[in-house]
Amino acid sequence: MRLLLDESVPRPLRTSFPAAYEVRTVPEMGWAGTGNGALLRLAADDGFDALLTVDRGFAHQQNLDDLPLPVVVVLAATNRPEELRPLVPRVIDIVSGNLQRRVYHVSAAH
């Protein structure tokens, strides 16, 4: 499973995923500053299985009928790693299931 962490996701969060996951960051891939639409296409073309973001407006910025790969939006009070880490098991549940090209939302309330 290859996951791409959006620029809005703190890099230390990558260590919260099991070793079976290849977790890369947008800056690490050389895609920093790339718009969301182009970023999704680059990630899909490079073989990523999903994009993980904390950008609450992501779903409203894209044509949801034409997503090139699934997007998981993690909703927490802040984007600090200690607030996001408890949500990683829910992210893993989603990406380990039957992923579809849509936006998934993960929050402490769900």
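None of these values were measured; they are calculated from a predicted model.
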Mind checking the [atom1]-[atom2] spacing from [X] to [Y]? Nearest 0.5 Å is all I need.
X	Y	atom1	atom2	answer
I94	H105	CD1	NE2	10.0 Å
L4	M29	CG	CE	7.0 Å
L69	L40	CG	CG	5.5 Å
L87	I92	CG	CD1	11.5 Å
F48	R2	CZ	CZ	4.0 Å

Restricting to salt bridge (Lys or Arg N to Asp or Glu O under 4.0 Å), what partner residues turn up for [X], sequence neighbours left out?
X	result
D49	none
E83	none
E7	none

side-chain hydrogen bond (donor to acceptor under 3.5 Å, both in side chains) partners for T34, two or more places apart
none

[Y] side chain reached by [X] side chain, heavy atoms, under 4.5 Å:
X	Y	result
Y104	L52	no
V88	F17	yes
L39	D6	yes
N36	D55	yes
V54	L84	yes
P70	V95	no
L75	R56	yes

Residues in side chain to side chain contact (heavy atoms under 4.5 Å, CB included) contact with T25, at least two apart in sequence or another chain
L5, R11, R14, P27, E28

Minimal non-hydrogen separation, R101 against L67, with atom names:
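Nearest heavy atoms, R101 then L67: CD-O, 3.1 Å.
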
With side-chain contact (heavy atoms from CB on, under 4.5 Å) as the criterion, how do V74 and V91 come out once you've worked through the C-alpha distance, each side chain's angles and the decisive distance to 0.1 Å?
CA-CA 8 Å; V74 181; V91 172; 3.8 Å; yes

Exercise: do Y21 and S16 side chains pair donor with acceptor under 3.5 Å:
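Result is no, nothing qualifies.
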
Among pairs that include at least one residue of residues 68-82, which meet side chain to side chain donor-acceptor pair (under 3.5 Å), considering only residues two or more places apart or in two chains?
R80-E82

